[in-house]
Amino acid sequence: MTPAEARVNLSAIRDNLALLRSHAPGAETMVAVKADAYGHGLIPGARACLAGGADRLGTAYVREALELRAAGITAPILSWIIPPNEPLDEAVQQDIELSAASPGLVDAIAGAAGRAGRAARVHLKVDTGMSRGGAALAEWPALLERALSRQAEGTIEIVGLWSHFACADMPGDPSIALQLAAFDEALAVADKTGVRGSHIIRHIANSAAILTLPQARYDMVRPGIATFGLSPVPELGDFGLRPAMTLVARIALVKRVPADSGVSYGHLYVTDRETTLGLVPLGYADGILRHATNRAEVLAGGRRRRIAGRVCMDQFMIDVGDDPLAEGDEVVLFGDGSQGEPTAQEWADSLGTITHEIVTRIGSRVPRVYR
Ligand SMILES: *Cc1c(COP(=O)(O)O)cnc(C)c1O
């Protein structure tokens, strides 16, 4: 019995994926499994996605994709953040598809492909208005030309044209229609330049767009957060998704303290009567943000309790009053809410962040246990 664990419901992941696929009929599905499958565990998370019908997987970094390959996963994988000195040779050898947004990167990928003796499969990325990754529209034609000439020499194969939304989680935001129009324009430029063919996959939709923007589905969709059961647009509800992760800990110490006891660093919580405190063995090193001090709630002994005082590196306290509490009792920090526990969404709301940050920060000391 571990002091704390993150229980991951793999059947919830499979069901969420089936629901997402039903929103994008006719489109392929590439699940973003970056950041350890959003904290759920890269390999089991990826396998659950494939079991749920994912056609492909996506990662931020090449090393994440190489981990998937090393685990024996043979599905197509795209990696999209390629800083200098990434292991491109290994990526091409392992048949990992790569995103490119500059002629220089196309050349670097072509070089790796030449050494590997096989063509690299490349997705060209256009910046349609997020001003993050992707070639600016003004530089898009030059990127296409370079990719076409490398394709002609046989070192790369252009297999995708893609972009990413800045505000898909803000339905009705004017930038969404502008980005879609810019994407269509970029696709038209690609067609005119000679980058065309039914094998080319066009993709732009993240979870929020899959669920709210039918016109953004193109040939493939890229769900991330919704796969793990967390709503990409909380104001619109849960879309029928089921949270896959339940974070639990076991009370490590119970004690009675008198009224006016200052609790934890800085004495930011002071007991107003004689009471029972419980020590929860999880802290900010495990992803329980320090900002949760006196703020976030947990379920203990069948009732919600607010964190009492400062969240420390490895622990925090709860105050259960005169309720019974024993060492070894289970405390639920968040789950799907079915037992009255908070959800990751409630944690995100109380901390002023998004659920992506809540689940991806759960640290490596917390074992993932799969059901
Ligand atoms: C993370 C990511 C996604 C998935 O985003 P969600 O909002 O979690 O659905 C899709 N595409 C790219 C490029 C990403 O980086």
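Counting starts at 1 for both ligands and their atoms, following the listed order.
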With the criterion set at N/O pairs under 3.5 Å, what does the list of contacts between the protein and ligand 1 look like, atom names and distances included?
unit_1   : atom_1 : unit_2 : atom_2 : d
ligand 1 : 8 (O)  : Y38    : OH     : 2.6
ligand 1 : 8 (O)  : I225   : N      : 2.8
ligand 1 : 8 (O)  : H356   : NE2    : 3.4
ligand 1 : 9 (O)  : S207   : N      : 2.9
ligand 1 : 9 (O)  : S207   : OG     : 2.5
ligand 1 : 9 (O)  : G224   : N      : 2.9
ligand 1 : 11 (N) : R222   : NE     : 2.9
ligand 1 : 11 (N) : R222   : NH2    : 3.4
ligand 1 : 15 (O) : K34    : NZ     : 2.5
ligand 1 : 15 (O) : W80    : NE1    : 3.3

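Side-chain atoms of R217 and H23 include no donor-acceptor pair closer than 3.5 Å.
Side-chain contacts under 4.5 Å among hydrophobic residues (ILVMFWY), followed directly or transitively, place V233 together with L17, L19, L20, V31, V33, L42, I43, L50, L57, L68, I73, I77, I210, L211, V221, L236, F239, L241. Clustering of Ile, Leu, Val, Met, Phe, Trp and Tyr side chains at separations under 4.5 Å places L253 together with V257, V263, Y269, L277, L279, M317. When hydrophobic side chains of Ile, Leu, Val, Met, Phe, Trp and Tyr are connected at separations under 4.5 Å, M30 ends up clustered with Y61, L78, W80, I81, W162, I201, M220.
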**OP:** Check the pair E90 / V62 against side chain to side chain contact (heavy atoms under 4.5 Å, CB included), numbers first and verdict last.
**Re:** CA-CA 9 Å; E90 206 180 339; V62 167; over 6 Å; no

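Using a 4.0 Å cut-off between charged side-chain N and carboxylate O, R273 and D319 make a salt bridge.
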